[in-house]
Amino acid sequence: MNFADIHTHNVHAGHDAVICIEPDDAMPAGDNLHFSCGVHPWRSSEAEALWPMVVARATDPRVVAIGECGIDRLRGADVQLQTELFRSHALLAEEVGKPLIIHCVRGWAELLAVHRAVAPAVTWIVHGFRGAPALARQLLDAGIHLSLGEHFRSDTAACIPPDMLHFETDTSTLPIEQIKTNITNQSYSQP
């Protein structure tokens with residue numbers, strides 16, 4: 001996915017961004033806009049109602065990625081339900097041939113277990129990654145891409161190969177160009 005902004009919640013981000021929308025939100029008008037859609041782990045207790053909407057939107061050509069979905073041990077339904085829902089998203093992404101945008105908080109073991117079970121052909125991207133270099137390398141070694149935003153660790157950014165690094169605004173008010181400059185300047189100036 002070659003978008004300047006791989007993950008944003010700004011519906012006015014424009015054609016070079018992937019705008020994350022909730023399954024029950026109206027899809028903003030515009031043929032040149034690109035979206036991702038999924039059940040966020042924080043809304044995992046609503047999955048029964050939201051999942052059919054995700055499936056219906058998955059084949060829309062404006063939806064270029066599935067998610068934001070994933071596992072969050074601090075918020076949402078129990079981890080087992082979140083993991084099952086995440087696996088459903090992963091399988092849907094495979095079915096429609098679109099990348100998976102992942103939200104993960106303290107659910108790395110579950111995420112990696114689903115990754116091994118699904119053996120995805122599509123790209124998986126963990127958005128808003130703030131983990132340590134050791135975790136980054138573990139994910140990268142599994143073939144999982146990482147997306148960095150306004151808040152990131154420069155030591156981690158320095159270990160991400162350029163072809164597996166993405167940039168995002170998420171909920172930041174900084175322009176994506178500033179975020180990208182901040183990341184690349186800090187990560188490539190590391191010893």
Side-chain angles (χ1 to χ4, degrees), residues 1 3-14 16-28 33-60 62-77 79 81-108 110-112 114-115 118 120 122-131 135-136 139 144-152 164-173 176 179:
M1 294 198 13
F3 290 94
D5 190 345
I6 200 72
H7 178 79
T8 186
H9 293 274
N10 177 1
V11 296
H12 305 292
D16 205 19
V18 179
I19 302 165
C20 181
I21 58 172
E22 296 289 330
D24 51 351
D25 285 348
M27 192 176 290
L33 297 179
H34 304 95
F35 303 96
S36 67
C37 184
V39 179
H40 194 289
W42 295 356
R43 295 188 72 192
S44 51
S45 61
E46 303 171 63
E48 189 174 333
L50 297 175
W51 181 247
M53 297 176 207
V54 173
V55 172
R57 286 191 168 170
T59 57
D60 187 311
R62 295 173 298 163
V63 174
V64 296
I66 304 301
E68 157 180 21
C69 60
I71 300 162
D72 190 325
R73 286 186 168 274
L74 301 181
R75 193 166 166 191
V79 172
L81 176 63
Q82 287 189 40
T83 303
E84 291 169 12
L85 181 58
F86 176 59
R87 180 181 169 89
S88 295
H89 281 87
L91 294 172
L92 178 62
E94 287 296 305
E95 182 181 324
V96 297
K98 297 179 181 181
L100 192 64
I101 306 293
I102 303 166
H103 169 106
C104 190
V105 176
R106 300 184 183 174
W108 304 110
E110 292 83 2
L111 181 147
L112 287 165
V114 171
H115 189 270
V118 172
V122 300
T123 302
W124 285 23
I125 304 168
V126 174
H127 98 83
F129 188 77
R130 296 184 196 178
L135 176 58
L139 296 168
I144 299 170
H145 292 214
L146 302 175
S147 178
L148 305 179
E150 179 179 2
H151 305 287
F152 66 95
M164 296 180 83
L165 173 62
H166 303 272
F167 305 97
E168 66 182 69
T169 54
D170 195 11
T171 59
S172 175
T173 57
I176 192 62
I179 290 172

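Everything numeric in this text was worked out from a predicted model, so none of it was measured.
Checked by atom type and distance alone, the side chain of Asp60 pairs as donor or acceptor with a backbone atom of Arg62 at under 3.5 Å. Thr123 places no side-chain N or O within donor-acceptor distance of the main-chain N or O of Pro99, the cut-off being under 3.5 Å. Of the possible donor and acceptor atoms, none in the side chain of Ser45 sits under 3.5 Å from a partner among the backbone N and O of Ala77.
The six-membered or imidazole ring of His145 lies away from that of Trp124, with a centre-to-centre distance of 6.0 Å or more.
Ile66 is listed as a side-chain neighbour of Val96, based on a closest heavy-atom distance under 4.5 Å. Within the 4.5 Å cutoff, the side chain of Leu74 has heavy atoms near those of the Arg106 side chain. Put simply, the side chain of Ser172 reaches to within 4.5 Å of the side chain of Ile179, judged on heavy atoms. Proximity of Pro41 to Ile71: side-chain heavy atoms (C-beta onward) are nowhere separated by under 4.5 Å. By the 4.5 Å heavy-atom criterion applied to side chains, Leu139 and Leu146 are counted as neighbours.
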Go through Glu84 and Arg87 one step at a time and tell me if the salt bridge (charged side-chain N to carboxylate O under 4.0 Å, His left out) criterion holds.
-> CA-CA 5 Å; Glu84 291 169 12; Arg87 180 181 169 89; over 6 Å; no
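If you check the side chains of Glu110 and Thr83, you find no donor sitting under 3.5 Å from an acceptor.
Across all non-hydrogen atoms, the minimal contact from Gly38 to His89 is CA-NE2, 3.6 Å. Closest approach of Val39 and Trp51 over heavy atoms only: CG2-N, 4.2 Å.
For Phe167, the ring-ring contact (aromatic ring centres under 6.0 Å, His included) criterion is met by no residue, not counting sequence neighbours. Shown here are the side chain to side chain donor-acceptor pair (under 3.5 Å) partners of Glu68, two or more places apart in sequence or in another chain: His7, His9, His40, His103, His127.
Taken to the nearest 0.5 Å, the CG atom of Leu50 stands 5.0 Å off from the CG atom of Asp24.
Between Asp25 and Arg57 no salt bridge is recorded (no basic side-chain N to carboxylate O distance below 4.0 Å).
Each of Val64, Val11, Asn10, Asp5 was evaluated against Ile19; a single residue qualifies, Val11, per the side-chain contact (heavy atoms from CB on, under 4.5 Å) test.
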